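Since the structure comes first, as structure tokens, the remarks are kept for the end.
Atoms considered below: every heavy atom in the structure, side chains included; atoms not considered: hydrogens, waters and symmetry mates. Since this is a predicted model, take the numbers as computed values, not measurements.
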Amino acid sequence: MTNPALPTHAEGRARLLPWLLAGAGLAALYLPTLVSLFNGLWSTDEQGHGPIVLGVSMWLIYRHWGALMDPRDASPAPWLAWPLLVLSALAYAVGRSQGIWLFEVGSSLGMVAGIVLLLRGVRHLRLIAFALFFMLFMIPLPGAIVDALTQPMKMAVSYVAENILYAVGYPISRTGVILQIGPYQLLVADACAGLHTLFTLEALGLLYLNLVRSKSMFRNIALAILIVPISFSANVIRVMVLTLITYHFGDAAGQGFLHGFAGMVLFISALLLIIATDGLLRLVLSKLRRQGSPA
């Protein structure tokens with residue numbers, strides 16, 4: 001006896017075939033892009049978060065793979081899918097031929113969304129909406145925009161780090177984004193306090209929000225807004241750690257293994273600050289509920 005609600009092997013293969021064809025098409029388009037990214041931008045400190053964002057996005061989509069493969073509630077929207085696929089293909093062609101990463105990498109979001117709309121529909125697209133949004137953080141931004149926003153961020157991080165260390169008694173001064181502590185000079189680079197680092201920490205915070213999935217709209221909105229100052233604080237902590245390592249252990253330690261360790265400190269401190277802030281928000285909400293409840 002067989003359960004008619006369960007698909008046969010033939011039906012399972014028939015359901016899987018369109019996805020395999022779509023996956024083969026995506027691989028043909030974007031494998032060369034991935035090779036170029038891994039050999040170029042993603043091998044730099046500034047864009048090193050790209051592979052992590054891609055891997056997490058694929059995992060987020062995989063979490064809903066069972067629902068995506070279920071055709072029972074499918075309502076394909078070809079009227080929306082085909083224009084999106086055509087526009088994404090044009091963006092890819094322009095980006096690939098002209099070396100514009102914003103178009104080449106960004107087109108992948110439209111391609112994935114168009115495939116889901118074509119094979120399943122809007123309801124299924126909503127299931128992976130956060131994964132597609134998360135993929136935005138792996139798109140390289142134009143250099144002019146990054147440079148314009150990174151410089152004031154580095155200045156602010158340098159200023160705060162200098163004042164904190166000076167307040168606790170360290171012999172430190174600052175000229176622009178160059179910190180002078182004892183006999184050592186440190187340049188606050190883009191990788192330490194730039195826009196890309198802020199984007200990476202923003203992605204970490206939003207992923208935390210998605211995984212926690214609080215039912216409180218106030219808590220979600222407040223934490224999403226507070227991720228910005230949390231990211232800034234984590235950058236300040238990283239610069240201070242690197243400065244102190246250089247001051248106490250020498251320039252070789254600051255630029256060697258311990259420099260990479262400071263990068264770990266950045267993400268660990270950001271995650272701890274996010275968790276602590278979320279805990280504080282929970283306490284505030286709990287207190288407000290108790291005050292609002294009748295005696």
Side-chain angles (χ1 to χ4, degrees), residues 13-44 46-71 73-146 195-196 199-200 202-203 206 210:
R13 287 194 297 270
R15 292 178 184 178
L16 190 59
L17 182 60
W19 294 101
L20 291 176
L21 293 174
L26 286 175
L29 281 176
Y30 293 104
L31 277 180
T33 300
L34 290 176
V35 171
S36 299
L37 286 170
F38 275 109
N39 291 329
L41 284 177
W42 284 0
S43 63
T44 64
E46 290 82 1
Q47 294 285 345
H49 63 279
I52 300 174
V53 173
L54 176 61
V56 172
S57 300
M58 294 176 67
W59 173 73
L60 290 170
I61 293 175
Y62 176 76
R63 291 175 66 199
H64 299 288
W65 186 248
L68 289 174
M69 292 300 295
D70 188 356
D73 294 329
S75 180
W79 56 273
L80 182 58
W82 283 115
L84 185 57
L85 288 170
V86 170
L87 288 174
S88 299
L90 290 174
Y92 174 84
V94 172
R96 185 68 179 170
S97 62
Q98 303 301 314
I100 305 175
W101 289 114
L102 179 64
F103 289 169
E104 183 177 353
V105 179
S107 65
S108 61
L109 280 70
M111 284 289 185
V112 174
I115 290 170
V116 174
L117 286 171
L118 187 63
L119 297 180
R120 288 295 180 264
V122 175
R123 178 181 175 277
H124 289 76
L125 180 61
R126 291 197 187 101
L127 295 175
I128 63 167
F130 179 78
L132 294 177
F133 172 75
F134 196 74
M135 289 173 68
L136 289 172
F137 290 96
M138 76 175 187
I139 300 175
L141 296 175
I145 295 177
V146 173
L195 184 64
H196 296 303
F199 269 22
T200 305
E202 285 287 337
L206 292 174
N210 181 259

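The two residues P76 and A74 have their closest heavy-atom pair at CD-C, 3.7 Å. Pairing each heavy atom of R96 with each of S36, the nearest pair is NH1-OG, 3.6 Å. The nearest pair of heavy atoms linking I139 to W101 is CG2-O, 4.5 Å.
Distance check, rounded to the nearest 0.5 Å: CG of L125 to CG of L68 gives 9.5 Å. In this structure, CE on M138 lies 8.0 Å from CG on L37, to the nearest 0.5 angstrom.
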List the atom pairs, donor and acceptor, that lie under 3.5 Å between side-chain atoms in residues 107-116 and the rest of the protein, sequence neighbours left out.
{"from": "S107", "atom 1": "OG", "to": "Y30", "atom 2": "OH", "distance (Å)": "2.7"}
{"from": "S107", "atom 1": "OG", "to": "F103", "atom 2": "O", "distance (Å)": "3.3"}
{"from": "S107", "atom 1": "OG", "to": "E104", "atom 2": "O", "distance (Å)": "2.7"}
{"from": "S108", "atom 1": "OG", "to": "V105", "atom 2": "O", "distance (Å)": "2.6"}

Anything under 3.5 Å between a donor and an acceptor, one on a side chain of residues 53-66, the other on a protein residue two or more places apart or in another chain? List them.
{"from": "S57", "atom 1": "OG", "to": "V53", "atom 2": "O", "distance (Å)": "2.8"}
{"from": "H64", "atom 1": "NE2", "to": "L127", "atom 2": "O", "distance (Å)": "3.2"}

Less than 3.5 Å apart, which donor and acceptor atoms pair up between the side chains of residues 78-90 and the rest of the protein, not counting sequence neighbours?
{"from": "S88", "atom 1": "OG", "to": "L84", "atom 2": "O", "distance (Å)": "2.8"}

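Screening residues 82-92 for salt bridge (Lys or Arg N to Asp or Glu O under 4.0 Å), with sequence neighbours left out, gives no hits. Counting only residues at least two apart or on different chains, the salt bridge (Lys or Arg N to Asp or Glu O under 4.0 Å) pairs with a member in residues 112-137 are D73-R123.
Using a distance-only test at 3.5 Å, with no hydrogens or angles considered, no donor-acceptor pair links the side chain of N210 to the main chain of L206.
Not counting sequence neighbours, the partners of W42 by the ring pair (Phe, Tyr, Trp, His ring centres under 6.0 Å) test are F38.
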